[in-house]
Amino acid sequence: AGGIANAPAPFDHGGVKIALVNYLSTGDFFQAYEAGAQKQAKALGIDLRIYEGRQDASQQRDQIQQAIDLGVAAIVVNHGLPESLKDVVQQALDKGIKVVAFDVDLANPKVPQVEQSDHDLASLLLDQAVKDNGETFSAAYVYVPGFAPLDRRDQVWQSFKQAHPGVKEVARFGTVDNQIAQSVANEASAAYRAHPDVRVVFAPYDEFARGAKLAADEVGNASKLRIYSADISTADIEAIRTPGSPWVATAATNPAVVGAVSVRAAALLVAGQDPGHHIEIKPTLITRDDLVKNDIHTVSELGAKFQAFRKSDAAQVAWIPDANL
Ligand code: SR1
């Protein structure tokens, strides 16, 4: 790949190798994240090596080791289990390789952390849940501990319940076993049958919301439920828009933008520039009413309405070309 005129070294010559090492790769969010990372890499003349994630901590460690051996200039670590990554990431840093983490807290001052402002994301959803359902309702909560974004969203859910004593969490379940949506649907069906009073499902990951919706369709309680999720994809938009769908709102960024930001942060480090330690991409609340009123069917149509779905200023400087997402 060629160099970029007026870019600092080594981007003025091109051919910079960067690795994107994933823990999770399946599902709309992660596919769009990778596509955004790839587009930003192309615009920067970066040779991006993508290592697929199979939710396997030891495989992810091996892949980081492989990236080190390949002599990459930087590694973007996308999700993962901190305890299995910290030492191998330190080995990369010791060799002068730059590291950026998306949604995994490596607790290392040399590793910038990219996140989607998860506290804001959960607050937007829960404020909307109160607007739609009032202060008193029985809720089902979909959660799997150990994932940084889900843990941050969980902190907001715990404080929300304390501040809203009329909200009762009557069921909690969750899994990231493949296929995630179908596995969650199996658990959700059992929960809906055991707790017919559930009116709200807080499912802050789109695969969870898809499962919660599938279960409602199967159990036949969709007309009594409202599901609040995180994330957005074109398939999610169609599921939310379906007449009678219980999935009424989501709080989301464009994952392609998040992927592009992650690569830009790595590029800045490689160029000896500081992207900041905490890099946040702010989410937007999207309700079914917004989608229907504005006749939005795809993520790119969403971008026409909300600027935040087209680009972010995070880790952006003049010499970095637009990713053209
Ligand atoms: C299993 S963690 C899933 C979350 O990671 C990203 O932050 C997405 O927003 C998704 O909800």
Side-chain angles (χ1 to χ4, degrees), residues 20-37 52-57 60 76-82 84-85 100-106 113-126 141-157 173-184 187 201-213 227-233 235-237 239-240 247 249-262 278-286 299 302 308-309 312 314:
L20 167 59
V21 181
N22 298 300
Y23 180 74
L24 277 157
S25 287
T26 54
D28 292 352
F29 181 92
F30 294 103
Q31 286 178 11
Y33 175 87
E34 271 186 33
E52 294 301 313
R54 296 196 176 81
Q55 304 191 43
D56 179 335
Q60 195 184 21
V76 176
V77 182
N78 168 22
H79 286 69
L81 309 183
S84 71
L85 294 172
V100 169
F102 168 51
D103 269 355
V104 53
D105 185 2
L106 298 173
Q113 174 78 46
V114 178
E115 70 150 289
Q116 303 173 87
S117 310
D118 291 291
H119 289 115
D120 291 358
L121 184 152
S123 301
L124 286 169
L125 289 171
L126 295 170
Y141 175 40
V142 194
Y143 175 52
V144 175
F147 291 92
L150 303 185
D151 291 345
R152 289 189 287 260
R153 295 166 198 173
D154 180 63
Q155 288 164 1
V156 178
W157 172 242
F173 49 88
T175 172
V176 288
D177 289 353
N178 271 326
Q179 300 283 324
I180 300 175
Q182 188 53 58
S183 306
V184 167
E187 297 181 344
V201 183
F202 183 47
Y205 172 19
D206 63 347
E207 299 294 332
F208 291 169
R210 255 185 241 164
K213 177 180 180 300
I227 300 170
Y228 298 84
S229 80
D231 310 317
I232 195 87
S233 68
D236 294 344
I237 292 174
I240 295 170
W247 190 352
T250 191
T253 63
N254 180 343
V257 169
V258 184
V261 168
S262 305
H278 242 97
I279 302 165
E280 290 202 331
I281 300 106
K282 293 275 178 199
T284 304
L285 179 76
I286 302 155
V299 170
L302 201 56
F309 282 87
S312 159

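Whatever order the structure lists them in is the order used to number ligands and atoms, beginning at 1. Everything quoted here is computed from the prediction, not taken from an experiment. All heavy atoms count here, side chains included; hydrogens, waters and symmetry mates do not.
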| field | Donor on one side chain, acceptor on other, Ser123 and Asp120, under 3.5 Å | value | no

| said: Whether the Asp154 and Tyr141 side chains hold a donor-acceptor pair (N or O, under 3.5 Å, no angle test) is what I'd like checked. | reply: yes

Could you list, one pair per line, each nitrogen or oxygen of ligand 1 together with any protein nitrogen or oxygen closer than 3.5 Å, giving atom names and the distance rounded to 0.1 Å?
unit_1: ligand 1; atom_1: 5 (O); unit_2: His79; atom_2: NE2; d: 2.9
unit_1: ligand 1; atom_1: 7 (O); unit_2: Asp103; atom_2: OD2; d: 2.5
unit_1: ligand 1; atom_1: 7 (O); unit_2: Gln116; atom_2: NE2; d: 2.9
unit_1: ligand 1; atom_1: 7 (O); unit_2: Arg153; atom_2: NH2; d: 3.2
unit_1: ligand 1; atom_1: 9 (O); unit_2: Gln116; atom_2: NE2; d: 2.8
unit_1: ligand 1; atom_1: 9 (O); unit_2: Arg153; atom_2: NH2; d: 3.0
unit_1: ligand 1; atom_1: 9 (O); unit_2: Asp231; atom_2: OD1; d: 2.5
unit_1: ligand 1; atom_1: 11 (O); unit_2: Arg153; atom_2: NH1; d: 2.8
unit_1: ligand 1; atom_1: 11 (O); unit_2: Asp231; atom_2: OD1; d: 3.3
unit_1: ligand 1; atom_1: 11 (O); unit_2: Asp231; atom_2: OD2; d: 2.6

| Between Phe208 and Ile180, is any pair of side-chain heavy atoms under 4.5 Å apart? | yes

| His79/Asn22 under side-chain contact (heavy atoms from CB on, under 4.5 Å): CA gap, chis, key distance, verdict | CA-CA 6 Å; His79 286 69; Asn22 298 300; over 6 Å; no

| field | Worked verdict on Arg152 versus Asp103 for salt bridge (charged side-chain N to carboxylate O under 4.0 Å, His left out) | value | CA-CA 10 Å; Arg152 289 189 287 260; Asp103 269 355; 2.8 Å; yes

| Aromatic ring centroids of Tyr205 and Phe147 under 6.0 Å? | no

